[in-house]
Amino acid sequence: MTRTTNLAALAGLSLMLGGCAATAVPRVTPPPTSSAPAPLNPPRVTQNNALVGRDANSALRLFGKPRLDVSEGAGRKLQFAGSACILDVYYYAQRSGAEALATHVDARTPDGRDANIDSCIAALRR
């Protein structure tokens with residue numbers, strides 16, 4: 001009986017000590033936040049089509065309501081879609097306080113292949 005009691009005490013002590021060796025939970029530290037706005041560095045215009053250099057209202061008048069209207073930082077993207085193609089138009093202000101103008105346009109077919117931008121613009125006009 002003494003041997004059984006000693007084994008039970010040893011087992012209980014082992015369980016108690018095992019609980020002390022638990023894995024530490026790492027503390028999550030959130031990334032520092034910056035209250036200063038991001039510097040204005042618009043992309044350089046390298047395209048020439050009917051939308052580049054025009055404001056977002058021009059595209060809205062041509063195509064109607066966009067499928068997506070996404071703003072991130074100093075940029076904005078409007079996405080227009082139809083059965084022929086999907087058109088993404090990117091807007092940036094060239095200097096602080098200026099109106100954002102289209103600086104880049106991408107066009108693709110619904111299955112993801114590149115499409116001709118001018119043909120896509122013509123197909124999406126309402």
Side-chain angles (χ1 to χ4, degrees):
M1 180 98 165
T2 307
R3 184 177 169 112
T4 306
T5 305
N6 287 343
L7 286 176
L10 185 59
L13 184 60
S14 296
L15 288 174
M16 284 178 29
L17 290 175
C20 293
T23 305
V25 178
R27 187 181 322 167
V28 178
T29 305
T33 58
S34 173
S35 60
L40 190 59
N41 265 341
R44 200 178 68 191
V45 176
T46 58
Q47 291 181 320
N48 184 19
N49 58 57
L51 297 174
V52 168
R54 298 181 183 231
D55 64 4
N57 287 329
S58 296
L60 295 172
R61 282 190 298 273
L62 274 176
F63 308 122
K65 185 179 177 184
R67 180 163 95 174
L68 290 175
D69 186 343
V70 180
S71 294
E72 184 175 318
R76 179 181 183 192
K77 177 179 95 167
L78 295 180
Q79 184 180 87
F80 301 93
S83 60
C85 61
I86 299 166
L87 189 73
D88 294 319
V89 187
Y90 299 89
Y91 297 89
Y92 293 91
Q94 296 300 307
R95 64 186 182 287
S96 183
E99 183 175 16
L101 301 176
T103 58
H104 186 79
V105 181
D106 283 327
R108 63 187 177 281
T109 61
D111 65 0
R113 292 178 289 136
D114 285 341
N116 179 277
I117 292 170
D118 293 324
S119 298
C120 186
I121 290 171
L124 292 177
R125 283 188 179 183
R126 52 179 184 151

ask   = What pairs with D118 under side-chain hydrogen bond (donor to acceptor under 3.5 Å, both in side chains), at least two apart in sequence or on another chain?
value = none
Closest non-hydrogen atom pair, N49 against L51 = OD1-N, 2.9 Å
ask   = Is Y90 reachable from L101 through a run of hydrophobic residues whose side-chain heavy atoms are each under 4.5 Å from the next?
value = no
ask   = With sequence neighbours excluded, what pairs up with D111 under the side-chain hydrogen bond (donor to acceptor under 3.5 Å, both in side chains) test?
value = T109, R113
request  = Answer yes or no: does atom CG of D114 have more than 12 heavy-atom neighbours from other residues, nucleotides or ligands under 6.0 Å?
outcome  = no
message = Looking at every non-hydrogen atom in both residues, tell me the closest pair between A100 and Y91 and how far apart they are.
response = CB-CB, 4.1 Å
query = Is L124 close to C85 at the side-chain level, that is, under 4.5 Å between some pair of heavy atoms?
reply = yes
task = Mind listing the closest non-hydrogen atom pair of G75 and Y92 along with its distance?
result = CA-CE2, 3.4 Å
Shortest non-hydrogen separation from P110 to I86 and the atoms involved = CA-CD1, 4.1 Å
ask   = What distance do L87 atom CG and R67 atom CZ have between them, rounded to the nearest 0.5 Å?
value = 11.0 Å
request  = List the steps and the verdict of side-chain contact (heavy atoms from CB on, under 4.5 Å) for D88 and R108.
outcome  = CA-CA 9 Å; D88 294 319; R108 63 187 177 281; 2.6 Å; yes
message = Looking at every non-hydrogen atom in both residues, tell me the closest pair between T103 and Q94 and how far apart they are.
response = CG2-NE2, 3.3 Å
query = Do you know the tightest heavy-atom contact between R76 and D69?
reply = NH2-OD2, 2.6 Å
request  = Kindly indicate, with the supporting measurements, whether the criterion side-chain contact (heavy atoms from CB on, under 4.5 Å) is fulfilled by L60 and L78.
outcome  = CA-CA 9 Å; L60 295 172; L78 295 180; 4.2 Å; yes
key: Pairing residues for F63 by the ring-ring contact (aromatic ring centres under 6.0 Å, His included) criterion, not counting sequence neighbours   = F80
